[in-house]
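As C-alpha cells, the structure follows; a few thoughts come after it.
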Amino acid sequence: MKGTGLFTSRSLDSENRLISLTLPNLCFLFWFSHASIFSWQKIQGNKTSSLKLEPPFFASFCSPPRIKDEPDDDGFYASPKEDSKPLKRPREDDDFKTFFEEKGNIVACSDRFLLILQDSKAKKAKSKDKKVPEADKRKKPKKEEEQKWKWWEEERYPEGIKWKFLEHKGPVFAPPYEPLPENVKFYYDGKVMKLSTKAEEVATFFAKMLDHEYTTKEIFRKNFFKDWRKEMTSEEKSTITNLSKCDFTHMSQYFKAQSEARKQMSKEEKQKIKEENERLLKEYGYCVMDNHKERIANFKIEPPGLFRGRGNHPKMGMLKRRIMPEDIIINCSKDSKIPPPPPGHKWKEVRHDNKVTWLVSWTENIQGSIKYIMLNPSSRIKGEKDWQKYETARRLKKCVDKIRNQYREDWKSKEMKVRQRAVALYFIDKLALRAGNEKEEGETADTVGCCSLRVEHIKLHPELDGQEYVVEFDFLGKDSIRYYNKVPVEKRVFKNLQLFMENKQPEDDLFDRLNTSILNKHLQDLMEGLTAKVFRTYNASITLQQQLKELTNPDDNIPAKILSYNRANRAVAILCNHQRAPPKTFEKSMMNLQSKIDAKKEQLADARRELKSAKADAKVRRDEKSKKTVESKKKAVQRIEEQLMKLEVQATDREENKQIALGTSKLNYLDPRISVAWCKKWGIPIEKIYNKTQREKFAWAIDMAEEDYEF
DNA sequence: GCGGGTACTTAGAAACCGCGCT
DNA sequence: AGCGCGGTTTCTAAGTACCCGC
C-alpha cells in the first residue's frame, strides 16, 4: 500500500473467513496501551465469522489526548437545552398564528396547508407579505426557502412543548389483500385444496418466505401454524392439522414469477408506478408543523405479515395482523384540518397532545407495544434533539475525568451496591456497552446489556496470553449480535468481579444489586442529563475526533484522506460493536476489484516501458518533439499510478469493512460537526462523507461547524 | 423499589434504484 | 437494451429512558 502510508499488511483467509489486520499504530500511551487482541464473532443465525484487530486502538478512547485547554464557551454553540436566552431570530409561528386568527377558522388553516403542499412559493406570498419586515425578507434567499429553513437559528420552545400547530393527512394503509388467481394451487397432503380468503392470505405470507431460513425453524413454524389455524374456517381447521403436509411451492413459484414480471415491466409501466408513489409521497409524506412543511419518516402503516424477530425470538412466525383505521390514534392540532378516516371507517381516537412528537400511533399485536408515525430526521423536531444529544455528550467531556476518578474510588466502597454500580459504569465507559434494561422473559430473544449481564457471560482469567486480570466477555447484545472480547482490567475490578460471582449460578445476574434505573439516577447526580447511553455517544465522538487527528496525513491526496476517515469511522464502529453479515457478493466483488487492479498494473508496466523507450529515443534525437513525447508519457504513467492507488485504497477499505457496519455510528453516534470540520480543514467535499440523506439530516451541522470545531 | 405504560433512538437486513458496462 | 453491482432508501425490530401510581 504505497502512497497511503497507513496500511502495513492485509491478509485474507477465505477458509475460515478471518481477516487479520495490522492497523496503523494508533496506540495511546495510557491505561490500555498494553491491551490485547480484540476479536469478536458474529453468530446471528448460523453465520459464524470472526474478526481480529490488533493492536489496540479500540481501547484508546478512554484516554483522549489532552486537548489544549478548552475555551470554555468559544466554539461551543449554545446547546439547545441549556440555552435560555434567545440566540437569533425568533420563531416564526406567531406569524402564522396571526394569519390563522385573521382567517379565524379551520378552513383557513387547511387552505394554508394545501397551499404549502402545492406550492411553497404561493404560500410565501400569502403569509409573508403581511408581516415580515423588509429587512428580514431580503436576507432570505428567494427560492426554496422552505427547504433551507434554518431552524437552528431560531429560538426553541420551552421544555416539554413540541409544537404549536400540527396538521397532516393521516397514514396510508396497506393495500387490501388480493386473492390468488384460480390456477395457483395450494396442496395439502398431496391434494389440491381451495382455501378461504383469510386462510389463503396468511398462507401467502408463509409462501413468500419459503426460501428464507426462518421457515425451517421449529419455533417459527409452530407460531405460524398456531396463528394460521386461527384464521381458518372450521373445515379447514379440521383438515389442515400438520404444517409439514402443506405444500406452498406452487404459491411460492407464482410470487417469484410475479416479481420477475415486475422486473420485466416496460419503461412506461415502471414510470407509472413511480409517479403513483410520488403522488402518495406528495400527499401523505408531509405535514405542516409550526409554519413549515416537514417530511414524515414512515407515513405508511406496516402491512400484515409474519413476525420476523431477530436472533432466537420466541415469537417469530406469529401473525402480524392488519392494522385498521379503528386501531389508529391521530394526533394533530385542534385547529387543524383533521384527516378523515377511510370511507366507512372511524379512527380509534383523535387527540391533540403537543407534548409529544408523533402524528399517528397504534398498538401492535405481537408484543403489545405502541408504534408511531413520526417526522424525518431532517425535521426540526428530530434535528434539535440530535443536536442536544451531542451537546450533552460534550458536557460529559468536561467532567468525564472527575467521573472516572469517582468510579475508581467506588470500587473500594464498603457497599456492594456502590461497587457494582462502579464496575458496571467502568464497563459502559471503557467498552461502550449498552445500559442493559431488564426484559420480560420469554417475550423476546435472550439478549443483555451491561446491567443485565449474567455470570455465564463473563469468564475471569487471572492470567491469559501473558496478560494479567483478563475478563472474557461473550454474550448476545441488541439484535442478538454477539459481543466477544477479552479485556485486561485493573486488579480491583477483577477482584470485585470475583466477589460478585461468588456463590452464584451461571444464570444469576452479575450485578444483582443494580439496574439501569439505579445507575441512571446516580449518573443524573453526577451531571444533569447524564445517562448510560451518553457514554456511548461521547466515546464514539471523541474517538472519531482523535482518530482523525492521528490518521490524517496532510500530504495524502483526497482518496487516501477519505480512507483515513473511514478508518477513524471504523474504529468507532468496532468500539460500538456495529457488525453486519458479510455481503453475499463480497468474495466476488473483491475478486472483481482485484482483477481491475491487476489490469491496471499491467497497464502501468506498459506505460512505463513506453516512457523508457521514449526517453531513450529523446536522448538520441534530442529534438523538441521527442521531448514532448517523454513528457506526455510521464504524465500517462503518473495518471495510471494514481488510478492504481485509488483502486488499491478502495480494496483495502472494502476488505477492512467486510463485517463492520459504518452507517450506524455515522448516523447516530458521531457528532456531525467533527466530520464537517474535518472536511473543511482538508478541503474534502462534504459529499464524499455524507450522501444526500445524511446531508439533509445534518444540515444544521454543515451550516454551523467551522474548520476549528472541537467536540 | 417495582410493574406497567409511553415516547423516542438505535439497529441490521432487505428492497430498491440508477449507473456503468457489454 | 439488458445486466449486475453498489450505494441508498425503506422497513420495522429492539433498544434506552422516564413517568406514574402504588
Side-chain angles (χ1 to χ4, degrees), chain A residues 42 44-45 47 162 209 212 259 262-264 266-267 270 273-274 277 281 297-303 305 307-311 313 315-316 320 329 331 353 355-358 361 363-364 366-377 381-382 385-386 389 428 434-440 443-445 447-452 476-481 513 515-521 523-524 529-537 540 573 576-581 583-586 588-589 592-593 596 650 654 659-669 690-694 696:
Chain A
K42 169 153 188 158
Q44 226 198 343
K47 286 161 279 188
K162 305 297 170 65
M209 291 178 77
H212 204 286
S259 73
R262 225 170 303 133
K263 273 185 221 153
Q264 301 300 322
S266 69
K267 246 193 209 145
K270 279 184 183 165
I273 292 177
K274 208 177 158 190
N277 284 335
L281 175 67
N298 56 327
F299 58 92
K300 291 178 183 159
I301 300 271
E302 297 171 19
F307 176 73
R308 303 153 82 121
R310 290 158 185 224
H313 197 115
K315 300 196 170 186
M316 64 167 87
K320 230 176 85 164
I329 303 175
N331 191 35
D353 182 356
K355 308 277 192 296
V356 297
T357 66
W358 53 268
S361 77
T363 301
E364 151 267 3
I366 304 288
Q367 327 262 7
S369 64
I370 307 169
K371 301 251 182 166
Y372 303 93
I373 290 181
M374 290 184 190
L375 297 193
N376 203 61
I381 212 161
K382 294 290 184 190
K385 200 78 187 294
D386 207 38
K389 172 180 79 186
I428 284 169
R434 294 188 185 81
N437 284 327
E438 296 103 301
K439 317 168 60 182
E440 226 178 311
E443 295 290 300
T444 59
T447 62
V448 297
C450 186
C451 293
S452 51
L476 298 183
K478 183 177 181 181
D479 294 324
S480 293
I481 298 289
R513 308 282 171 91
N515 60 37
T516 54
S517 145
I518 296 171
L519 178 63
N520 281 338
K521 252 181 216 126
L523 293 176
Q524 196 61 241
L530 187 61
T531 62
K533 87 185 185 89
V534 178
F535 281 88
R536 249 168 102 82
T537 311
C576 294
N577 201 33
H578 290 144
Q579 301 187 51
R580 62 168 185 179
K584 285 187 190 79
T585 53
F586 185 85
K588 204 171 129 202
S589 87
N592 284 346
L593 199 51
K596 265 194 199 167
Q650 205 187 339
R654 194 179 297 177
Q659 293 168 258
I660 302 172
L662 300 187
T664 303
S665 47
K666 206 177 195 176
L667 232 46
N668 300 300
Y669 288 104
Y690 291 137
N691 68 29
K692 188 167 146 284
T693 318
Q694 293 164 341
E696 277 166 18

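The sequence lines fix the lettering, A, B, ..., with proteins before strands; numbering per chain opens at 1. Just so it is clear, the structure is predicted and the values come from calculations on it, not from any experiment.
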How is [X] classified with respect to the nucleic acid when contacts are heavy atoms under 4.0 Å: base, sugar-phosphate, or nothing?
| X | answer |
| --- | --- |
| A:Arg262 | nothing |
| A:Pro377 | nothing |
| A:Gly436 | sugar-phosphate |
| A:Gly663 | nothing |
| A:Lys320 | sugar-phosphate |
| A:Gln367 | sugar-phosphate |
| A:Lys162 | sugar-phosphate |
| A:Thr357 | sugar-phosphate |
| A:Tyr669 | sugar-phosphate |

If only side-chain N and O atoms of [X] are considered, is one of them under 4.0 Å from the OP1 or OP2 phosphate oxygen of [N]?
| X | N | result |
| --- | --- | --- |
| A:Lys263 | B:dC16 | no |
| A:Asn691 | C:dT8 | yes |
| A:Asn520 | C:dA17 | yes |
| A:Thr447 | C:dA14 | no |
| A:Lys533 | C:dA17 | no |
| A:Lys300 | C:dT12 | no |
| A:Thr516 | C:dT16 | no |
| A:His313 | C:dA14 | yes |

**Request:** Using heavy atoms to find the nearest nucleotide of DNA chain B for A:Lys274 and A:Arg434 separately, return the residue whose nucleotide is more 5′.
**Result:**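 By nearest-heavy-atom nucleotide position, the 5'-most residue is A:Arg434.
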Worksheet item: DNA chain B: A:Lys478 or A:Ser369, which has the more 5' nearest nucleotide?
Response: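 Looking at DNA chain B, the more 5' nearest nucleotide goes with A:Ser369.
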Margin query: A side-chain contact here means heavy atoms from C-beta on lying under 4.5 Å apart; do A:Phe307 and A:Gln367 qualify?
Written below: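 A:Phe307 vs A:Gln367: side chains touch.
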Heavy-atom side-chain proximity of A:Phe535 to A:Leu523 below 4.5 angstrom
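Side chain of A:Phe535 against side chain of A:Leu523, heavy atoms only: contact under 4.5 Å found.
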| said: Using every non-hydrogen atom in the two residues, find where A:Asn298 and A:Ile373 come nearest and quote the distance to one decimal. | reply: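 Smallest interatomic distance, heavy atoms only, reads O-CG1, 3.2 Å.
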Are A:Glu364 and A:Lys320 within salt-bridge range, i.e. N to O under 4.0 Å?
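No, no charged N to carboxylate O under 4.0 Å.
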* Sidechain N-carboxylate O distance under 4.0 Å for A:Glu696, A:Lys692 ->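 A salt bridge is present here (some side-chain N lies under 4.0 Å from a carboxylate O).
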